[in-house]
Novice: 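Quick one: the structure is below, questions incoming.
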Amino acid sequence: MDFLSAVALLGLGAVILVLFKRLSEVERRLNRQAEERGDQERLIARLTERVRVLESTPHAASAELPSPVAAALPSEPLPPPLPPPLPTAPLPASPAPAEAPHFGSPLRACQFCGRSAEPGATVCVCGAVIGAGQTAPPPHEIEPPPLPDLPIPAVPGPRMPQPDPVFAAQPSGPSWREQLREKTKGQEWEAIVGGNWLNKLGVLVLVIGIALFLAYAFTRMGPGGRVATGAGVSLAMLLSGVFIERKPVYRIFARGLIGGGWAALYFTTYAMHAVPAAMVIANPYAATALLLSVALGMIAHSLKYRSQTVSGLAYFIAFATLAMGDATVFSVLALIPLAASLLYVAYRFDWLSMAVLGVFATYATCASRPDTGAPLATTQALFGSYWLLFEVFDLLRVRRGRSGFTPESLIFPLNALGFLGLSLVKWHRAAPEHFYIALAAGAALYLAGALLRVAISSVSWSGYEPPLTLAAALAAWSIMLKAPGMWINVDLLIEAELLFLAGVRFGQAYPRWLAWAVFCLPAGKLIGIDVAAGGSTNIAGRAWMAWSPAAILTAVVFYVNRGLRAAGGIVYSSAAAAFVLLVLGYETPREYLCVAWLLFGAALFGIGYRFKKPEFRWQSYAALLAGTGAGLFLNVLDPSPAWTRPWLPLLASAAVQYAIALRIRFGREGVLHKAEAETVPLGVSLAASGFLAAAVWRFAPAGFLGVAWMFLGAAMLELGLRKLPRQFRWQSYLVSAGGFANLVWFHVVLAEKGSGRAEWLSLTLAAVLCSAISARLFGAMPDRIDDRERGWARDSYAAAATLFVMALAWLELSPPLVALAWAIAGVVLLEIGFAASLVRFRALGNLVDKAVFARLFLANFTDFGQTAGISHRLLTVTPIVIAQYYVWWRYRRASLSEWEAAFARLYLYAPAILTVLLLRFELGRTLTVVGWAAFGLALYAIGLKRDLKDLRWQSYAIAALAFWRSWDTNFYISGSLAGVSGRILTGAVVIASFYAAQLLAPRQSSSPVERYARPYFSLLASALLGVLLFYEVSGGLLTVAWSVEALALLAAGFPLRDRFQRLTGLSLFMMCVLKLFLYDLRRLETLNRILSFIVLGALLVTVSWIYTRFRERLQRYL
Amino acid sequence: MIMPRLPFFGLLLLMLGCGAAVWVGQPGVDVSLDSAREIWADVLRDADDAGLQATRVSPAKEMQLGDELAAHANDLGAEDPAAAVYLQAVGDALVPHVNRTAIHYRFHVIQSPQINAFALPGGHIYVLSGMLDFLESEAELAAVLGHEMSHVDLRHCIERYQYALALKKVGAGSAGQMVELAHQLFALSYTQDEELEADAGGERLAIEGGYDPDAAPAVFARMQRKLGEATPAAATTPAGEIQQAVGQGIAAFFRTHPPSDQRSRQLSGMVASNRSKLAGRIVYKGVRNYRARVARSAQVFPEEQRVY
């Protein structure tokens, strides 16, 4: 029953297939009708438009016969008359309604499916015969498509507000889908399914029933009865079909009966021998002959209809009946004549699709049969017969020269699938140890098939590809089953090479591609299996990897192929290169793996460069990349401690890379592409640099790596300057940067005093080297290096040298001397910057000076040391102060940009600050005011003389500082200096310096602020004098003292022509008066109080008198 | 070539010469941010001094305040009047050399094992018996007393109370303690400078009083050993140097007294820089006097004298 179900499903599938095919045809037809209908509609629309134009044209008749519609409308001006109609072709007098045009001859319609048949055709596409009287409805019976709703031209009515035009999609005619949907709702579908398909389905079921009946062990009926019944039913079906076929109404139905009858008859005949329950013929040959006769009859009958469908159905049923029968030799033998007859019919009527069915059905029927246990040879002979049958058919097909994919193209693959599948299954069961023979035989068969196709094909070299592919695959399979170990690789190589050579010999691409596919097998096996499996073999006294010989052979074969054929050879040479890399990778000691790969890469590059073969160059790049990677990961990052000379492979690698760089440098131009020419020298030189740096890393003693890299960078720079190659110059910066970083980290940041000679020696060497390189780059070398790069390199090396010198000074000198040493470096840099007009040198010097400035606070101002009575503070800070002023002087003399000139002003402020602080620490908190006052006065004097505003402003600030410190510190704390009251001594100096500054100050100034410099100093001096008197003179005589001061100020104010001073004196007088009355009068002792009054009074009178007496003279001073 | 660059080469020569001079003079090895701290302290102190000038108190008022504070000093421990007599005798030798002569100095000994001494406004000088046990000569005692007297003479003591007194004067005495605390915090940055000033002043008083100038540095050197104040080793790496300088600078900011090592070195430097002035002076050490608690003014031991 399972088998019956399968057959039923198979039949159902076939029905569905036919159904869809029919549907497609219906769809195509509907589309065609829709197009035709569209044409008709367009024609109708054109005609309608012409009618409308004609009707809307004002003519006499319409003017005389007013339209009732027009009469009912209000009288409004009519629109202007339309222009006269364009001259058109004369129309029929009566504008008859649109009439469907008559296209071609009368159509005949299939009564079964409703389709129109081509004129002269007797058979519809659905397989039905169209009778002579069956014609399509006459054209006038065809309902014309509805006319479009055209606007009725009428007299324009009152203008109504018109809505804005909406640009919506206009409804178009129904699409073919809608039409199809419309059709499916109609009768047509029903007719197709009910009248045609259900019939076929019923026949199928019936035949199957007959088959079952025959196979059933019916106890009341012997084999003869069963056969007779079967034959009777079959013949009844057949004959009744033939009979009623004459009536057109039942023609379709009749054909189903005819097909089913033939099928049932065939199976009945088959059952006569094959089915035990119906076996009436013992002789297989007789049975076969009978079966053949039935098949021939079936064929003959089907030929009458010339219908592939009918014949195909008959054959299908025949196959199905065989499939359902018992598994015997005869059942499979019976397939031969059946298949042969089918193929004949198919060939005769060019029903190639049916042939496909035959192939499928034959093998499916055979496959459905269980293994009868027949000998291998017999079975194989049977399968061979099948195969040969279909192969011959396919060869014939090929000879016809059909090209492109058609359903019959499936014959070959189905035949191959069926034949090989069945054969191999049988071999696998019967003689698994000789399975490879089956494969080899299959390969031979298909190779022969391929050759035959080449020989007989009407189209040159066509159709051989599938059998050749199969042959190759089967041969490869056979080899893999039979050959041992690495011989598989060799044999596959031979097979592939033969294919390749054949392709080359006959100028065919396909064998070469096939060869490449076969080559992939040993290659894949080698990479995926053999390499992983490992193992070794001894050859020439050396242990090799077990797969190395095969890999080498593969590479050799690939290179031979590359040599035989240039086009497409890139794949072979690339694969060969990959295998060489693989062998090298496993056969070379890890220490020298990078060297081996790089050498191979260099060799490839040499070939590619010499012979202008880009493929070899690209392969070389891959090899070089691999070698570089190996060097990086094995030799640089993870070297084995057991390696005695780890630097040697690194140096060798660098040499190889460098050789390539030089090859390019001195080679011909134009060999490399532009991108290559730019990239490759850079890459190889970069790799060479890296290897050299790594070698130095391995080679240099501990503590000297940084300086060693610096030396390497210097050497590379020199090579780069000489363009050997020039990329070395840029890479030298990288290497030098690495050395610099190493030195900075280990010898500057982590520098430790007294840690050994490596520290200072490295720094010294690095400083000297960097200075030398900087000096080397001082002169212009336009043919070697552009000035911009040269400038940056020169200045960078100078910066590095400076840093190393500073670090060296820090390491080797005592803390107070460090700043001095740094200052010397800064001054030298600035001097070079000025002399050579190098702004970056000056910037560098400035940076150093800022470091010096900060350093002084760390180690110099609080240092207690002294030499010959002179403090180290003084000995170190003073030269730095002078140096700063020197730098400012140099800036002043140089021609600078605006920003640098502004920046240079810092060199006037920094030494002033340092001097103020130096005085503070050198003289102490109180005595420092003396130094500050003197220093401020000096600055002011120089500022006036040299017209340096900055110095004058500094003097103002220092004066304020001195004033404040004197007032709140010096005068507050009494003390003595050399026997003199410290307060008086320091105060006097400060006051004197203020007055001196007042005298120096110009009376007029262009600056709105500096015009007050004179009063400023005067006020500071007078105030400080007043405070000093406050502290020094006892309370009783303070008023007297202040009065004297006021008088002095007044007296000096006249000759000095200093109004402010005079006013100060007068103000002080007023203060004294106030104090006299507010304080002295109550607090002072009587004597002092009296004295104060007297003196103050006298002084005031004197002043008054002077003002009065010498009014005219004084007027000149006022 | 040389002539246009004469200033440059002259400058280089000067710098190299100065460097050589420092080189031969055995320069110090200290690296710190003391200079920055001192500058900052100067700024704060100058600002503070303006307020202190405005709130000055008379010596009489100061001594009155000192007496009031001294009344509470007994809480620290019992006084030793006998030892105080000796201190008074030594202190009296220094009093003539103070600047503020209006202040009446009185000396006290409190029985306490701590090695310490302090001064109150108005001239009350307290020395703890632990300090007396620590000292070894009368010259050392004179240095200690001179240090405390200098605090008074330089107004360090009264300055702490000036703002509070001023507030009390204007009727805002309740805010006095808070202001006092705030002022102490403000003055924290320069209290070390005041200590160093007092060291210098005390040394001056001791020298003026005829005592051995080397006694004061010796006291601080011995105190460093006694108190276990380790002199931090000089940093050997640049990063370590900066780290040490910053760390010490921050620590110094919150320290009221400078390290004994620094005080000893400052005093030694001071003596060294004035060696020529001191040359020929007769200085007194007074070990025997100190042991016997007999002041030099009472008995002079010739072997304790030497010409400086």
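Here is how names work: the chains are called A, B, and so on, in the same order as the sequence lines, proteins then strands, and each is numbered from 1. Every heavy atom of this structure was used, including side-chain atoms; hydrogens, water molecules and symmetry mates were not.
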Novice: Under 4.5 Å from any heavy atom of chain B, what part of V827(A) do you find: side chain, backbone, both or neither?
Specialist: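 V827(A) touches chain B through backbone and side-chain heavy atoms alike.
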
Novice: V828(A) versus L12(B): any side-chain heavy-atom pair under 4.5 Å?
Specialist: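 They are in contact (side-chain heavy atoms under 4.5 Å apart), so the answer is yes.
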
Novice: Need one label for A868(A): side chain, backbone, both or neither, based on atoms under 4.5 Å from any heavy atom in chain B.
Specialist: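 Looking at A868(A), nothing touches chain B.
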
Novice: Could you tell me whether the side chain of T867(A) and the main chain of A21(B) form a donor-acceptor pair under 3.5 Å?
Specialist: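 Pair found, side chain donor or acceptor close to backbone of A21(B).
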
Novice: Salt bridge check: are D968(A) and R56(B) linked by an N-O gap of less than 4.0 Å?
Specialist: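 Not counted as a salt bridge, because no side-chain N and carboxylate O are separated by less than 4.0 Å.
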
Novice: In plain terms, say whether R925(A) and D193(B) are close enough for a salt bridge, that is, a side-chain N and a carboxylate O under 4.0 Å apart.
Specialist: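 So R925(A) does not pair with D193(B) through a salt bridge.
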
Novice: Using a 4.5 angstrom heavy-atom cutoff, name the option from L750(A), V818(A), L820(A) with the most pairs to chain B.
Specialist: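 Result: the option with the highest number of such pairs is L820(A).
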
Novice: Got a second to check how far L11(B)'s CG is from I824(A)'s CD1, nearest 0.5 Å?
Specialist: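 L11(B) CG to I824(A) CD1: 8.5 Å, rounded to 0.5 Å.
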
Novice: If you round to the nearest 0.5 Å, how far is CD of E752(A) from OG1 of T236(B)?
Specialist: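 Those atoms lie 3.5 Å apart.
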
Novice: Does H747(A) have any ring-ring contact (aromatic ring centres under 6.0 Å, His included) partners at least two apart in sequence or in another chain, and if so, which?
Specialist: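 Not a single residue meets the ring-ring contact (aromatic ring centres under 6.0 Å, His included) criterion with H747(A).
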
Novice: Just so I know, are the side chains of Q26(B) and Q866(A) near enough to count as touching, which here means a heavy-atom distance under 4.5 Å?
Specialist: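 Not in contact.
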
Novice: In terms of heavy-atom pairs under 4.5 Å with chain A, which of I39(B), L33(B), D30(B) leads?
Specialist: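 If we count pairs closer than 4.5 Å to chain A, I39(B) comes out on top.
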
Novice: Can you list every salt bridge (charged side-chain N to carboxylate O under 4.0 Å, His left out) pair that touches residues 872-881 of chain A, not counting sequence neighbours?
Specialist: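 Of all non-adjacent pairs touching residues 872-881 of chain A, those that pass salt bridge (charged side-chain N to carboxylate O under 4.0 Å, His left out) are R873(A)-E922(A).
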
Novice: Can you confirm whether more than 12 heavy atoms, excluding those of K61(B), are under 6.0 Å from its NZ atom?
Specialist: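 Open: at most 12 neighbouring heavy atoms sit under 6.0 Å from NZ of K61(B).
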
Novice: Are R965(A) and D42(B) within salt-bridge range, i.e. N to O under 4.0 Å?
Specialist: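 Salt bridge: yes.
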
Novice: Specify the closest pair of heavy atoms between Y886(A) and P7(B), including all atoms of both residues, with the distance to one decimal.
Specialist: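 Scanning both residues, the minimum pair turns out to be CE1-CB, 3.7 Å.
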
Novice: Chain B heavy atoms under 4.5 Å from L917(A): which part of the residue, side chain, backbone, both or neither?
Specialist: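 Contact with chain B involves the side chain of L917(A) alone.
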
Novice: For K277(B), is the NZ atom crowded, meaning more than 12 foreign heavy atoms sit under 6.0 Å from it?
Specialist: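 Check fails, neighbour count at 12 or below.
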
Novice: Any non-hydrogen side-chain atom of L14(B) less than 4.5 Å from a side-chain atom of I882(A)?
Specialist: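 L14(B) reaches I882(A) side chain to side chain.
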
Novice: If you check every heavy atom in residues 851-858 of chain A against those of chain B, which residues fall under 4.5 Å?
Specialist: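 From residues 851-858 of chain A, the residues near chain B are R855(A), F857(A), L858(A).
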
Novice: Around atom CZ of R275(B), are there more than 12 heavy atoms of other residues, nucleotides or ligands at under 6.0 Å?
Specialist: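 Yes.
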
Novice: Report the option among H872(A), R890(A), R920(A) that has the most heavy-atom pairs separated by less than 4.5 Å from atoms of chain B.
Specialist: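 Going by pairs under 4.5 Å, I would pick H872(A).
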
Novice: Check the side chains of Q53(B) and W967(A) for a donor-acceptor pair under 3.5 angstrom, ignoring hydrogens and angles.
Specialist: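 Absent: no donor and acceptor within the cut-off.
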
Novice: From the options E38(B), R37(B), Q262(B), Q266(B), select the one residue that forms a side chain to side chain contact (heavy atoms under 4.5 Å, CB included) with T862(A).
Specialist: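 Among E38(B), R37(B), Q262(B), Q266(B), the one that satisfies the side chain to side chain contact (heavy atoms under 4.5 Å, CB included) with T862(A) is E38(B).
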
Novice: Please name all residues satisfying ring-ring contact (aromatic ring centres under 6.0 Å, His included) with W23(B), sequence neighbours left out, ordered by chain then number.
Specialist: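 Expected list: none.
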
Novice: So, does W964(A) use its side chain to make a donor-acceptor pair with the main chain of D46(B) at under 3.5 Å?
Specialist: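 Indeed, once roles are kept as given, a pair shorter than 3.5 Å links the two residues.
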
Novice: Give, for atom OG1 of T876(A) and atom CE of M15(B), the distance between the pair rounded to the nearest 0.5 Å.
Specialist: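 Reported to 0.5 Å precision, the distance equals 10.5 Å.
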
Novice: Flag the one option from A859(A), A821(A), A883(A) with the top tally of heavy-atom pairs under 4.5 Å to chain B.
Specialist: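 Ranked by contacts with chain B, first place is A883(A).
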
Novice: Of the backbone (N, CA, C, O) and the side chain (C-beta and beyond), which part of A835(A) lies under 4.5 Å from a heavy atom of chain B, both, or neither?
Specialist: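 Both backbone and side chain.
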
Novice: Please report the shortest heavy-atom distance between A751(A) and P238(B), naming the atom on each side.
Specialist: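 Closest approach of A751(A) to P238(B), heavy atoms only: O-CD, 3.2 Å.
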
